[in-house]
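Each residue takes its place number in the sequence, starting with 1. Start at 1 and go down the list; that is how both ligands and their atoms are numbered.
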Amino acid sequence: MATTEPSAQSGVESGPESGAGPETRQGIGVSPGTAYGPVVQVAPPVRPPADEPPVDDQEAALGDVKAAFEAVAVSLEERATRVEDTAQQILKATALIARDKGLVKAAAKQLEAGKGRAGAIAGAIEQYAAQFEALGGYFAERVADLRDVGSRAVAAVLGVPAPGVPHFTDPSVVVAEDLAPAETATLDRALVVGIITEAGGRTSHTAILAAQMGIPAVVQLAGATTLEPGTHVALDGDTGEVTIEPDLELVEQQRARAARRTEALGRLSGAGATSDGLAVALLANIGGVDDAVAAGALDLEGVGLFRTEFVYLSATKAPTVEEQTQIYRDVFAPFEGRRVVVRTLDAGADKPLKFADLGPEENPALGRRGLRLSAERPDLLDAQLEALAIAARETGADVRVMAPMVATAEEAAWFARRVRENGLPKAGVMIEVPGAALRARDVLGEVDFGSLGTNDLAQYTMAADRMQGALSDLLDPWQPAVLDVVGIACEGARTVERPIGVCGESAGDPLLALVLVGLGVTSLSMAPSKVPVVRLALSLHTEAECQRLAQIARESRTAVDAMGAVREAASSELTDLL
Ligand code: PEP
Ligand code: MG
């Protein structure tokens, strides 16, 4: 249990047994919008038959195993050609797992030990999975992908249909225990009206990708996988509410609220500001060229976080300066005259890059990741800064560069010097380590701006692995301790007169965005689909009201209390639509 008190954010709220009509359950809304449709359950993993006999011809069997892994890699790569950008990188990265020679070697040992073909594949996968789980952090997160590859290979060697999203033709709500990133990335947006998962968290890849794809999504919904296929559900990706077999009146109410929301959102455009004119830049989080092109066409003020490591997730060799320049040029081009904040490679832990691997670590999330990697591989940072400088000169975007995982003023100074030596005008740092937040005055004094990474800041403040869905209550950015740390960082930024933004997922929560602005944040960067509702929230409150909401949140004892109290105190014109 993550908390000693029951959380108002989980569990069944009302049900048929209470005679209160259709059952409504509470999950966590991670991608806005409402959806109604029949449930399509994602097929569970295929397992080897319990009575599979040992093989007669080990060489032939190993050939079949190799062919099965190869077929998985080929099918993932083939799917990669049909999707965009981030999705493509994720699929290619998963295909690389299927091509790992170590897996075939491990399967050969399993065959020698008397396993059948499917059992040998599953055994090899589990052997790797145990090692990855023991390593924790990034590696533990890859276990879902590894098992996905294993299950597909088992299906291939048994000649049965692959696990995953089944074929369907009517607009439906896709439900799963959790979706492998490869699965989420390749969903057909025209047919998938909503996503519900039983596991996952606010900052899981499923949540990030669903928001980027504009599909309403709810995660952490208890009992989701036991919903009968074909059951009709209504979900609200803003509030996290899921209603099972809702009566049509409720669906209608939900739709009407969504229509009022669309109308209210459509009335506003342009730069973000509070009702009394305090400017708060509304920016997009992107992961590559396609995201940049899509976000560039929207009404927003630029990019607040370009996660450059997403471009290279499947690269086996470090990209050259020329290769990088081409990508950065394409990312900057849609933002002529607008700001683009580029984060240098945040490799390691949950985002490993083959070419930047320094070997296994006991605790990768606390290890040589982000800027720390540059101490051993300054060549990677130099090549990236050189490419960014060339691309920035060639395009009209207002390019600013920031470093991930900065902990001290010395690191900030070192990074700023390198950025300036490369002729880039503005250097900044992510504030996502509590140490840097507490000493923001010193850290930000060395650079031009800061950007709060509340995903990692929550992880490190609460000592809770962000990949662990079971810890999502602790990882909640509404945790008063996290808000205190953000508040202290904002005070530091104010002292040295540096702007400080937020680029973690919290920036896209309209109520939390008000709190963040009240704490002193001057820009908010989020999945582009969340910009309109945050713009609306700001437009309905003054700066002083935001400060009051921040005070209310910080005076609360728990995350649930903080959110509830802010919701209560915020403008009803906003909360009626949430
Ligand atoms: C963060 O940590 O909040 C952040 C924005 O970076 P990432 O999610 O890529 O670690
Ligand atoms: Mg981070």
Quiz item: Got the closest protein heavy atom to atom 6 (O) of ligand 1, with its distance?
Solution: Arg343 NH1, 2.9 Å
Practice problem: Please determine if Arg466 has a nitrogen or oxygen closer than 3.5 Å to a nitrogen or oxygen of ligand 1. | Solution: yes
Quiz item: Does the distance from a Lys or Arg side-chain N to an Asp or Glu carboxylate O, for Asp509 and Lys530, drop under 4.0 Å?
Solution: no
Exercise. Provide the closest heavy-atom pair for Ala392 versus Leu424 in the form atom of the first, atom of the second, distance.
Key: CB-CD2, 4.2 Å
Quiz item: Per the side chain to side chain contact (heavy atoms under 4.5 Å, CB included) rule, which among Val399, Asp398, Val303 passes with Arg339?
Solution: Asp398
Quiz item: What do you reckon, does Glu432 have a nitrogen or oxygen under 3.5 Å from a nitrogen or oxygen of ligand 1?
Solution: yes
Quiz item: Does Phe415 have Arg418 sitting over its ring (NZ/CZ under 6.0 Å from centre, angle to axis within 45°)?
Solution: no
Exercise. Please could you name the atoms of ligand 1 that Arg307 approaches to less than 4.0 Å, counting only its heavy atoms?
Key: 4 (C), 5 (C), 6 (O), 7 (P), 8 (O), 9 (O)
Self-check item: Where ligand 1 meets Gly453 - atom numbers and elements under 4.0 angstrom, heavy-atom basis
Solution: 1 (C), 2 (O), 3 (O)
Quiz item: With no hydrogens and no angle check, do the side chains of Asp330 and Gln326 hold a donor and an acceptor under 3.5 Å apart?
Solution: yes
Practice problem: Classify the side-chain pair Tyr328/Gln384 by whether it contains a donor and acceptor separated by less than 3.5 Å. | Solution: yes
Practice problem: Keeping to residues at least two apart or across chains, list the salt bridge (charged side-chain N to carboxylate O under 4.0 Å, His left out) pairs with something in residues 440-461. | Solution: Arg369-Asp456, Arg420-Asp448, Arg439-Asp442, Asp456-Arg466
Practice problem: Verify whether one side chain among Trp478 and Asp561 offers a donor that lies under 3.5 Å from an acceptor in the other. | Solution: no
Practice problem: Would you mind checking which non-hydrogen protein atom is closest to atom 5 (C) of ligand 1, with the distance to 0.1 Å? | Solution: Cys503 O, 3.4 Å
Quiz item: Does the side chain of Ser525 come under 3.5 Å of the side chain of Asn285 through a donor N or O and an acceptor N or O?
Solution: yes
Quiz item: Ignoring hydrogens and geometry, is there a side-chain-to-backbone donor-acceptor pair from Thr274 to Leu278 under 3.5 Å?
Solution: yes
Quiz item: Ignoring water, what protein N, O or S atoms are under 2.8 Å from the Mg ion (ligand 2)?
Solution: Glu432 OE1, Asp456 OD2
Practice problem: Please work out whether any backbone atom (N, CA, C, O) or any side-chain heavy atom from C-beta onward of Thr454 is under 4.0 Å from ligand 1, and answer side chain, backbone, both or neither. | Solution: backbone
Quiz item: For ligand 1, which atoms have a heavy atom of Met430 less than 4.0 angstrom away?
Solution: 4 (C), 5 (C), 6 (O)
Quiz item: Ion pair present between Arg307 and Asp346, side-chain N to carboxylate O less than 4.0 angstrom?
Solution: no
Quiz item: In terms of atom number and element, which parts of ligand 1 are under 4.0 angstrom from non-hydrogen atoms of Leu305?
Solution: 5 (C)
Self-check item: Protein heavy atom at shortest distance from atom 7 (P) of ligand 1
Solution: Lys351 NZ, 3.3 Å
